[in-house]
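Sequence positions, counted from 1, serve as the residue numbers for this chain. Atoms within each ligand, like the ligands themselves, are counted from 1 in listed order.
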Amino acid sequence: MHYDQCFGCGDVESGLHMRTTVGEHMVVHSRFTVTEAHQGAPGLAHGGLLACAFDEALGSTVGNLLRKPAVTGKLETDFVRPVPVGTTLYIAARLDGVAGRKIYVSAEGRLGSADGQVAVRARALFVQVGFEHFTTHGYADALQRFRSTTRESKWDINP
Ligand SMILES: CCCCCCCCCCCC(=O)SCCNC(=O)CCNC(=O)[C@H](O)C(C)(C)COP(=O)(O)OP(=O)(O)OC[C@H]1O[C@@H](n2cnc3c(N)ncnc32)[C@H](O)[C@@H]1OP(=O)(O)O
């Protein structure tokens, strides 16, 4: 689900520039490369930025697999290992279940490769919302903004 001004997946210079693909067994893969702009301690990723990357990866999982608008209600992160600047975090996310409007997803991020050491684990509850969520609480012309920046092909799995 793309919006070009999204901090996670959009084209904003300071953003995370994350891209997502759907793999076998409906595992959704995202990558996030930690830059100097993402530091907390010297040379290490800020935990809040890592949480942001997982929010994006998990939100993309909901968007790609369910194609329903939803927002994060709850996000939990376990920071297992430090993530140095220059590292690419390989995030694999799964849809764990749906109960009414509640959507449960989880992910783990590995250092440097898809089979690297686990550095971060996350779980989230997304809540399905109507499009009016965005037009009421965000910009009134939110839908036009989405449409003007969302190519139809970007809604395809593995465009
Ligand atoms: C055009 C395409 C655009 C597509 C654009 C997609 C953009 C994605 C962006 C990336 C993701 C984000 O960062 S989203 C931005 C960060 N998140 C937000 O801003 C959300 C702010 N919060 C809210 O707006 C609201 O609290 C909602 C929508 C989450 C829920 O409010 P609601 O609609 O009134 O629903 P409510 O009845 O309260 O909750 C529904 C069910 O979920 C449960 N629930 C709700 N929150 C929680 C919670 N924190 N922990 C446990 N459970 C919870 C409730 O108990 C209930 O369970 P039960 O009684 O049914 O059992």
Side-chain angles (χ1 to χ4, degrees), residues 1-23 26-35 37-40 45-80 83 87-110 118-159:
M1 204 172 282
H2 288 263
Y3 169 48
D4 71 354
Q5 295 300 301
C6 172
F7 185 77
C9 69
D11 301 325
V12 285
E13 191 177 344
S14 57
L16 304 185
H17 303 281
M18 290 176 64
R19 294 292 178 268
T20 296
T21 55
V22 180
M26 293 199 297
V27 176
V28 178
H29 300 278
S30 306
R31 290 185 195 181
F32 167 50
T33 300
V34 179
T35 72
H38 304 141
Q39 292 175 88
H46 193 293
L49 253 298
L50 295 173
C52 181
F54 277 78
D55 191 15
E56 176 63 36
L58 292 164
S60 295
T61 300
V62 173
N64 272 300
L65 298 184
L66 297 181
R67 306 280 179 119
K68 292 174 178 171
V71 292
T72 325
K74 185 174 185 174
L75 174 66
E76 297 178 345
T77 46
D78 298 331
F79 301 104
V80 182
V83 182
T87 304
T88 297
L89 205 53
Y90 286 69
I91 300 174
R94 292 169 181 79
L95 179 65
D96 296 325
V98 177
R101 294 170 57 214
K102 293 181 290 189
I103 303 162
Y104 297 89
V105 281
S106 62
E108 57 187 22
R110 293 175 180 270
V118 174
V120 184
R121 294 191 180 93
R123 295 154 299 284
L125 164 70
F126 281 73
V127 179
Q128 187 186 340
V129 293
F131 290 118
E132 71 280 1
H133 174 95
F134 304 101
T135 53
T136 301
H137 302 296
Y139 292 130
D141 64 349
L143 294 186
Q144 288 93 311
R145 288 175 184 242
F146 276 118
R147 285 196 190 104
S148 67
T149 65
T150 302
R151 291 202 317 271
E152 198 59 36
S153 63
K154 287 186 175 175
W155 284 81
D156 291 342
I157 289 176
N158 296 340

Query raised in the report: Given Ala70, Gly59, Gly63, Ala57, which one has a non-hydrogen atom that is nearest to atom 8 (C) of ligand 1?
Result: Ala70

Report task. Specify side chain, backbone, both or neither for Tyr3, according to which of its non-hydrogen atoms lie closer than 4.0 Å to ligand 1. Result -> neither

Query - Within-shell test, Glu56 vs ligand 1, heavy atom, strictly < 4.0 Å - result: no

Query raised in the report: Does the Thr87 side chain pair with the main chain of Leu89, one donor and one acceptor, at a distance under 3.5 Å?
Result: no

Query raised in the report: Does NZ or CZ of Arg145 come closer than 6.0 Å to the centre of the six-membered ring of Tyr139, within 45° of the ring's axis?
Result: yes

**Report entry** ligand 1 atoms in contact with Phe134 (distance to a heavy atom under 4.0 Å)
**Finding:** 3 (C), 4 (C), 5 (C)

Query raised in the report: Which residue from Lys102, His133, Gln128 reaches closest to atom 57 (O) of ligand 1 through any of its heavy atoms?
Result: Lys102

**Report entry** Mutual orientation of the aromatic rings belonging to Phe134 and Phe146 [parallel < 30°, tilted 30-60°, perpendicular > 60°]
**Finding:** perpendicular

Report task. Keeping the roles fixed (side chain from Arg101, backbone from Gln128), state whether a donor-acceptor pair exists under 3.5 Å. Result -> yes

Report task. Run the ring-centre check on His38 versus Phe32 and record whether the distance is less than 6.0 Å. Result -> yes

Query raised in the report: Is a side-chain N or O of His17 found less than 3.5 angstrom from the main chain of Val12, in a donor-acceptor match?
Result: yes

Requested in this report: Please could you name the atoms of ligand 1 that Lys74 approaches to less than 4.0 Å, counting only its heavy atoms?
Outcome: 49 (N), 50 (N)

Report task. Please work out whether any backbone atom (N, CA, C, O) or any side-chain heavy atom from C-beta onward of Val127 is under 4.0 Å from ligand 1, and answer side chain, backbone, both or neither. Result -> side chain

Query - His137, portion touching ligand 1 at heavy-atom distance under 4.0 Å - result: neither

Report task. State if Gly73 counts as touching ligand 1 under the rule of any non-hydrogen atom under 4.0 Å. Result -> yes

Requested in this report: Under 4.0 Å from a heavy atom of Val129: give me the atoms of ligand 1 that qualify, with their elements.
Outcome: 28 (C)

Query raised in the report: In terms of side-chain geometry, is the basic nitrogen of Arg123 or Asp55 positioned less than 4.0 Å from the acidic oxygen of its partner?
Result: no

